[in-house]
Number of protein chains: 2
Amino acid sequence: MESATETHGSESLLFLTDEQLRKGIEAMFFAYRAFTADPDRILENYEYGRAHHRAIHFINRQPGLTVSTLLAMLGVTKQSLNRVLRTLVADGLVEARVGRQDKRERNLHLTARGASLERELSDAQRARMRAAYRNAGPAAVTGFRQVLEAMMDPDLRRYYQSMKDSAP
Amino acid sequence: MESATETHGSESLLFLTDEQLRKGIEAMFFAYRAFTADPDRILENYEYGRAHHRAIHFINRQPGLTVSTLLAMLGVTKQSLNRVLRTLVADGLVEARVGRQDKRERNLHLTARGASLERELSDAQRARMRAAYRNAGPAAVTGFRQVLEAMMDPDLRRYYQSMKDSAP
DNA sequence: TTGGAAAGTCAACATAGCTGACATAAAATC
DNA sequence: GATTTTATGTCAGCTATGTTGACTTTCCAA
């Protein structure tokens, strides 16, 4: 499995050796841990967890989204999400409005307080991301996003690609 | 490609807009979920979890490492790790040898069975990583690794950089 | 010889996943 | 209009994995 790519003649596929792939795996692990560390620290002050952060993030990204849409993005059970949403609604960070056309649906929005926490969390996370981007440079950022995109499950990739990407 | 890299001057930092950074954050989230999905599925058959996988991964990477070294890499408490290690040792996947110089230390090694599970998990994870790498191309892979590296906490980055990177 | 580091263990707890069962309201279908 | 399906919410209970705190054992090194 190792040397299969090296016998290709050109060294253009050297990055597919087992060692290279293992390094990529470790890079994902270490980077993801750093990536969540700042928000986690902030969330402790509010007695919320990572699950709350994720919900808040996606509600902010797509205001008015329904519970089932959010479920699909988070990839958890409705029971698990509901526990989180209940506290966020009770604490006045999220508003669940009855759907206009379909009254079974709940359209989720951040309140002013919810938006404020979202900003605090996002600021910290973006600061680290920005520093990493600055350090690595624009070309690296493009590659970074390309690889992550290729790694995603197709359904989520479709959602991901549909989101707006540049400043208004 | 993004338009951010195509122009220079004031627009050369367009990739640092909030929207771009938020996309990067989402990319990390979605990709990381896909990244862990395959091993998680395999681990269910063995009644192990992600924590076992991580321990097995690092013991394989650095055979003979001590418990404290592993703790530093995983970033969890010794109580949490100990629960995992105990089951792995009891099940005959990991061997904890008393240190030769310092007998307080335990040098961790995978047994044949442990190495076999490691391979099964790693094969799945590398397959996805390989597919993503193939799809994105060598230049993207370089960028991917650069950004992840820049995102890591310095201590772990040092460990990460010290690991061998190419096939022997 | 003693202090402190490395490792292991016990207890108790929290978070956030999960399954299964069930309830309600509204939409969709027959 | 009656029935079925869908979207959501909820209760109960389980599991995995993290946490803190207190304690012991081992044993290196000053």
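Chain letters run A, B, ... following the sequence lines, proteins first and then strands; every chain starts at 1.
- Put simply, the side chain of A:R83 and the base of D:dG9 share no donor and acceptor less than 3.5 Å apart.
- Projected onto DNA chain C by closest heavy-atom contact, B:E105 and A:T77 fall at different nucleotides, the more 5' of which corresponds to B:E105.
- Going from atom CG of B:N107 over to atom P of C:dG8 covers 11 Å, rounded to whole Å.
- Checked for salt-bridge contact, B:R97 and B:E95 meet the test: a charged N lies under 4.0 Å from a carboxylate O.
- Atom pair B:K78:NZ and C:dC10:C1' shows a separation of 12 Å (rounding to whole Å applied).
- Which of D:dG18, D:dC11, D:dG9 sits closest to the side chain of B:V76 comes down to D:dG18.
- In the set D:dG18, D:dG9, D:dT8, D:dT8 carries the atom at the smallest distance from any side-chain atom of A:T66.
- Nearer the 5' end of DNA chain D, as judged by each residue's closest nucleotide, is the contact made by B:G75, out of B:G75 and B:V98.
- Rounded to an integer number of Å, the gap from B:K103 NZ to C:dA5 C1' is 17 Å.
- Residues B:T69 and B:M73 have side chains in contact (heavy-atom distance under 4.5 Å, counting atoms from C-beta outward).
- Following rounding to the nearest Å, A:R86 (CZ) and C:dA16 (C1') show an atom-to-atom distance of 13 Å.
- Side-chain N/O atoms of B:H52 include none lying less than 4.0 angstrom from OP1 or OP2 on D:dA16.
- The distance from atom CD of B:Q101 to atom P of C:dA6 is 14 Å, rounded to the nearest whole Å.
- If you check distances only, the side chain of A:R104 does reach the base of D:dT6 with a donor-acceptor pair under 3.5 Å.
- A distance-only check finds a donor-acceptor pair linking the side chain of B:D102 to the backbone of B:R104 [under 3.5 Å].
- Listed for the B:T111 side chain is a donor-acceptor partner under 3.5 Å among the backbone atoms of B:G92.
- Listed nucleotides C:dG8, D:dA7, C:dG17 differ in distance to A:S80; the shortest reach to its side chain belongs to C:dG17.
- Looking at which nucleotide of DNA chain C each of A:L81 and B:L71 is closest to, the 5′-most match is held by B:L71.
- As a whole-Å value, the separation of A:Y48 OH from C:dA14 P is 17 Å.
- No donor-acceptor pair closer than 3.5 Å links the side chain of B:R128 to the backbone N or O of B:F35.
- Contact annotation: side chain of B:Q79 to base of D:dG21, donor-acceptor pair present below 3.5 Å.
- Residue A:R50 contributes atom CZ, which lies 19 Å from atom P of C:dA14 at whole-angstrom precision.
- Straight-line distance from the CG atom of A:D102 to the C1' atom of C:dA25: 10 Å, rounded to whole Å.
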